> 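The structure's right below; bear with me while I get my questions together.
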Amino acid sequence: MALTLRVCSSPLICRATLATGDNGRNHHANDAAFIRRAADLAEMSAGVTSPHPNFGCVIATSSGKVTGEGYLYAQGTKPAEALAVEAAGESCRGSTAYLNMEPGDCHGDHTAVSALVQAGIGRVVVGIRHPLKHLRGSAIRELRSHGIEVSVLGEDFQSKVLEEARKSCLLVNAPLIHRACSRVPFSVLKYAMTLDGKIAASSGHAAWISSKLSRTRVFELRGRSDAVIVGGNTVRQDDPRLTARHGHGHTPTRIVMTQSLDLPEKANLWDVSEVSTIVATQRGARKSFQKYLASKGVEVVEFDMLNPREVMEYFHLRGYLSILWECGGTLAASAISSGVIHKVVAFVAPKIIGGRQAPSPVGDLGMVEMTQALNLINVCYEQVGPDMLVSGFLQPIPDLLPVIPSEDATFEIDPSVNPFESSIIFFYKTWDLYGSFSNFSPHPIRMPYGEENDDYRTWSSVEHYYQASKFVGVENPLAHDCVENIRTARSPEEAALIGRSKQRQQPELVREDWEDVKIEVMYMALKCKFSTYPHLKSMLLSTAGSVLVEASPHDLFWGGGRDGEGLNYLGRLLMQLRSEYISESSVSAENASLA
Ligand SMILES: NC(=O)C1=CN([C@@H]2O[C@H](COP(=O)(O)OP(=O)(O)OC[C@H]3O[C@@H](n4cnc5c(N)ncnc54)[C@H](OP(=O)(O)O)[C@@H]3O)[C@@H](O)[C@H]2O)C=CC1
Ligand SMILES: Nc1c(N[C@@H]2O[C@H](COP(=O)(O)O)[C@@H](O)[C@H]2O)[nH]c(=O)[nH]c1=O
């Protein structure tokens, strides 16, 4: 592939040129725009770099003129940063390099960092840190050690536009991030359905529901995936090929999940001359047919328990990063129930086929009330020819702000922590050694009731106050009842149960700005608790130098998660509070010595 295809040419450069204002907002807008551009460039590597990340790099002068761009073309090719530096030439000196992701130092390869250093880049803006723990932070540290100013979005500066830009960086490497956090590959369930919600006629005939244009998009999706999966029934009904036929990108492995192995002898998927096929089946199923498939070059993998999670864990171990599920509703329901589907991509065709028995995209999930429905997040709508493409995530992309904060971040949160020798103190249940740090600890606090700041009430625990705050200020008597029910709940567990279930069942009762204010609410409650009880404050101060982590395996926002994938906001706030206390005491010690 010619270099020119990888390095963007001048019209793009002109379009990306931005006016630089001298106030912070303009700087943020420029930084955000260039980071988004880097993410767009990285998008061009999708499907060819797996299992490596998708990297893009933009180099812009201090006046906001883009002079070089590049993206990683494939595994083992020149890094995006080196390509962008080559394109920008002399103009690199003192310019800013925008990277959607911190470069990874694979096998001691420092090419990306060296390219930026040698070119004389003055500043580097990074969208997200590298998601893999052993690489996270290394390149950033190295760049800083060369005197380059490095800013990481969400850590070194924050604003709404930057948050949007950061999101685009998370999206472009969603498969890698999910894989890093969840031990299964990133899975997308894709289907085409009629306007009346059918994926085939009652006869099982399904060719075609979506338009040719939509089907070309499916080829592209396949080209970005490491494998495409179908169930046994789809093989029997459709005899699919499951190849990417849009002319570029790679072709994914085809995987069939079948319990019975009752599959036809002749099938397009058994032709492995161009693409391989793996059949995942139940241990011991139709041994003679297994032999037959093996003779055709089809790999058969037996599972003791053939279910989507086991199969995904297996393919994770084989190094697969992203999987496209193109099965029917039976297997789709099983995959969703096992929690392995991360994203849904649905092509909706303006056609009606009817039929009581006609299959639908997702079989039985055991849900009986609409309130149980799974709500997609980050939903996008796009018209593709006559069809509507609706896509969204079933699971949020894990945030990468480091759980146990990185050395730099730890130091920022609490300078008393020795970034190189910090120990970690885990707390979770109230009976643990540091159980008093838990929000469920029985330490009543006096905090304002509702929006009336002078109406102080006693709350039996931080959890009582935190849960009730979700419903404060909402003009609905039911919201008011929630606050009172939570305040008078007999235990923190009961308060949490009421707060969480009401939030899920009646989201309209939750204050609109809750997501924006919840961290502040928690901080105020913690501050009140630790200031009210001197022995708790002493205990918190006694942990100086250690990283605090709430060891909740399931709360990925306040807790650290099972494998460190959680955001640990409770631990962070406690460290922040500790830091505040430490600086207060050093100021008062200084004043005392002056007096
Ligand atoms: N419009 C569209 O986008 C699509 C339409 N279709 C249509 O859907 C219909 C087929 O739908 P459907 O029957 O739901 O097909 P599936 O692709 O969901 O296949 C179901 C089969 O998957 C196998 N399987 C293996 N493990 C599991 C598990 N844990 N849970 C569930 N199934 C498992 C079984 O195969 P086995 O019986 O061999 O043991 C099962 O019968 C066809 O008419 C096809 O044309 C299919 C895909 C996409
Ligand atoms: N019917 C239908 C789809 N069906 C899916 O595509 C598979 C066939 O792929 P191939 O043999 O490679 O062309 C089929 O088995 C099923 O998984 N997909 C769509 O985008 N639109 C459609 O209308």
Side-chain angles (χ1 to χ4, degrees), residues 1 3-19 28-50 52-61 64-74 77-88 95-103 112 116 124-131 151-154 159-177 186 188 217 220-221 223-225 246 248-249 322 343 345 378 380-382 384 389 391 393 397 400:
M1 184 71 56
L3 188 70
T4 44
L5 276 179
R6 288 176 260 154
V7 179
C8 296
S9 54
S10 51
L12 277 175
I13 291 174
C14 294
R15 251 184 286 144
T17 302
L18 289 160
H28 280 192
N30 280 2
D31 286 345
F34 291 137
I35 283 288
R36 289 175 83 112
R37 175 70 191 146
D40 285 349
L41 288 167
E43 182 72 28
M44 298 192 211
S45 354
V48 285
T49 55
S50 173
H52 295 280
N54 303 321
F55 285 115
C57 173
V58 174
I59 292 175
T61 61
K65 183 175 186 293
V66 175
T67 53
E69 295 186 330
Y71 67 92
L72 181 65
Y73 173 65
T77 57
K78 264 193 196 175
E81 295 78 0
L83 293 170
V85 159
E86 275 175 20
S95 285
T96 301
Y98 293 88
L99 322 181
N100 63 304
M101 182 187 279
E102 173 185 17
L116 297 171
V124 174
V125 180
V126 175
I128 54 173
R129 282 178 185 258
H130 201 290
S151 314
V152 183
L153 265 54
S159 75
K160 209 168 165 56
V161 277
L162 290 171
E163 192 45 40
E164 286 300 311
R166 194 168 163 274
K167 208 187 231 176
S168 62
C169 299
L170 291 169
L171 283 173
V172 76
N173 274 301
L176 185 84
I177 296 166
F186 179 68
V188 177
R217 288 291 288 272
E220 278 170 23
L221 281 174
R224 285 158 181 266
S225 312
H246 60 303
H248 49 94
S322 56
K343 187 177 179 185
V345 172
N378 280 331
C380 294
Y381 306 88
E382 186 191 342
V384 183
L389 171 54
S391 63
F393 286 79
I397 302 176
L400 284 173

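The structure displayed is predicted, hence computed values, not measured ones.
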> With a 4.0 Å cut-off on N to O distance, would you call Lys160 and Glu163 a salt bridge?
no
> Calculate, to the nearest 0.5 Å, the distance between atoms CZ and CD belonging to Phe34 and Glu69 respectively.
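So the CZ of Phe34 and the CD of Glu69 are separated by 9.0 Å.
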> Any idea which heavy atoms bring Pro79 and Leu72 closest together, and the distance?
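Looking at all heavy atoms of both residues, the shortest contact is CA-CD1, 4.2 Å.
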> Closest heavy-atom contact between Gly56 and Leu41?
CA-CB, 4.1 Å
> Can you name the nearest heavy-atom pair linking Ala32 to Val161, along with the distance?
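Looking at all heavy atoms of both residues, the shortest contact is CB-O, 3.6 Å.
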> Drop me the distance from Ile35's CD1 to Leu162's CG, to the nearest 0.5 angstrom.
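Interatomic distance, Ile35 CD1 to Leu162 CG, rounded to 0.5 Å: 8.5 Å.
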> Can Arg36 and Glu43 be counted as an ion pair, charged N to O under 4.0 angstrom?
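Here Arg36 does not pair with Glu43 in a salt bridge, since their nearest N and O are not under 4.0 Å apart.
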> With a 3.5 Å cut-off and no angle check, do the side chains of Asn54 and Tyr71 form a donor-acceptor pair?
no
> Output yes when a side-chain donor or acceptor of Ser95 lies under 3.5 Å from a complementary backbone atom of Ile59, and no otherwise.
no
> Under the salt bridge (charged side-chain N to carboxylate O under 4.0 Å, His left out) test, which residues partner Glu164, sequence neighbours left out?
none
> Please confirm whether the backbone N or O of Pro53 pairs with a side-chain atom of Asn173, one donor and one acceptor, at under 3.5 Å?
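Checked: no pair found.
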> Within the 4.5 Å heavy-atom criterion, are Val345 and Arg217 side-chain neighbours or not?
no
> With rounding to the nearest 0.5 Å, note down the distance linking OH in Tyr73 to CG in Leu83.
12.0 Å
> Could you check Leu176 against Met101 for side-chain contact (heavy atoms from CB on, under 4.5 Å), going step by step and ending with a plain yes or no?
CA-CA 11 Å; Leu176 185 84; Met101 182 187 279; 4.2 Å; yes
> Taking all non-hydrogen atoms of both residues into account, name the closest pair between Ala84 and Gly70 and its distance.
CB-N, 3.9 Å
> Starting at OG of Ser168, measure out to CG of Asp40 and round the result to the nearest 0.5 Å.
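Reported to 0.5 Å precision, the distance equals 7.0 Å.
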> So which heavy atom on Leu116 is nearest to which on Ala97, and how close?
CD2-CB, 3.7 Å
> Dump the intermediate steps for side-chain contact (heavy atoms from CB on, under 4.5 Å) on Ser322 and Val188, then the final yes or no.
CA-CA 8 Å; Ser322 56; Val188 177; over 6 Å; no
> Using the side chain to side chain contact (heavy atoms under 4.5 Å, CB included) definition, which of the options Ile128, Val172, Leu171 pairs with Ile177?
Ile128
> What are the two closest heavy atoms between Glu102 and Val126, and how far apart are they?
N-CG1, 3.6 Å
